[in-house]
Amino acid sequence: HVELVESGGGSVRAGGSLRLSCETSGWHYSMYCMGWFRQRPGTEREGVAVIDSDGDTHYASDVRGRFKISQDNARPTISLQMNSLKPEDSAMYYCAADYGLCQSWMLTSLHHYDYWGQGTQVTVSS
């Protein structure tokens, strides 16, 4: 049974930083594509960044240069360092995972992922 658990959300002022983490349990495969997705109220869930077991990454254009995704293959665990946060970054952030390496289209293809966490709230005030 695979489980993903997010942590690290919270409230911060614009320009501040937060670091999200996603820990897995029950993962039995060496290859994976894992990522962060977010959903603002009244909008669809969207991709933020994904990373695979080889360390290849893909970012949404509006976070590139501000956010950095990283991985630890031991669990596996992924993190998202979010810097220069903006009010529009406020959302529920979800971790997702699936087997195999990432392709760029997986950043926007939510149905690709079989496993999802419960989410962690990020609120950025102006």
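Fair warning: this is a prediction, and the values are worked out from it, not measured in the lab.
No side-chain donor-acceptor contact under 3.5 Å links Asp54 to the backbone of Asp56. Looking at Asn73, its side chain does come within 3.5 Å of a backbone N or O of Ser53 through a donor-acceptor pair. Side-chain N or O atoms of Arg75 include one that pairs as donor or acceptor with a backbone N or O of Thr24 at under 3.5 Å. A distance-only check finds no donor-acceptor pair linking the side chain of Ser79 to the backbone of Ser70 [under 3.5 Å].
Note on residues 78-108: pairs passing ring pair (Phe, Tyr, Trp, His ring centres under 6.0 Å), not counting sequence neighbours, are Trp27-Tyr99, Tyr29-Tyr99, Tyr99-Tyr115, Trp105-His112. The list of disulfide bond (SG atoms under 2.5 Å apart) pairs with a residue in residues 64-99, not counting sequence neighbours, reads Cys22-Cys95. Among pairs with a residue in residues 32-65, those fulfilling ring pair (Phe, Tyr, Trp, His ring centres under 6.0 Å) read Phe37-Tyr113, Phe37-Trp116, at least two apart in sequence or across chains. For residues 3-14, no pair satisfies side-chain hydrogen bond (donor to acceptor under 3.5 Å, both in side chains), with sequence neighbours left out. The disulfide bond (SG atoms under 2.5 Å apart) pairs that include a residue from residues 30-94 are Cys33-Cys102, where partners are two or more places apart or lie in different chains.
Ion pairing between Lys86 and Asp62 fails under the 4.0 Å rule for side-chain N and carboxylate O.
Rounded to the nearest 0.5 Å, atoms NE2 (His111) and CE (Met106) are 10.0 Å apart. Rounded to the nearest 0.5 Å, atoms OG1 (Thr77) and CG (Asp72) are 5.5 Å apart. Interatomic distance, NZ of Lys68 versus CD1 of Ile51, reported as 7.5 Å (0.5 Å rounding). One distance of note links CG of Leu4 with CD1 of Ile78; it measures 8.0 Å at 0.5 Å rounding. Atoms CE and CG, from Met82 and Leu18 in turn, are 4.5 Å apart once rounded to the nearest 0.5 Å. In this structure, CZ in Arg38 is found 13.0 Å from CZ in Arg45, a value given to the nearest 0.5 Å.
Hydrophobic cluster membership is shared by Leu80 and Leu85, with clusters built from Ile, Leu, Val, Met, Phe, Trp and Tyr side chains linked at under 4.5 angstrom. One hydrophobic cluster holds both Phe67 and Leu20 under the rule that ILVMFWY side chains link at heavy-atom gaps under 4.5 Å. By the criterion of side-chain heavy atoms lying less than 4.5 angstrom apart, applied directly or through intervening Ile, Leu, Val, Met, Phe, Trp or Tyr residues, Val50 is grouped together with Met92 in one hydrophobic cluster.
Taking 4.5 Å as the limit, every side-chain heavy atom of Glu44 sits out of range of all side-chain heavy atoms of Leu110. When side chains are defined from C-beta on, Pro76 does not count as touching Gln71, because their heavy atoms never get closer than 4.5 Å.
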Got a list of side-chain donor-acceptor pairs under 3.5 Å for residues 117-126, not counting sequence neighbours?
{"from": "Thr120", "atom 1": "OG1", "to": "Gly9", "atom 2": "N", "distance (Å)": "3.2"}
{"from": "Gln121", "atom 1": "NE2", "to": "Ala91", "atom 2": "O", "distance (Å)": "3.3"}

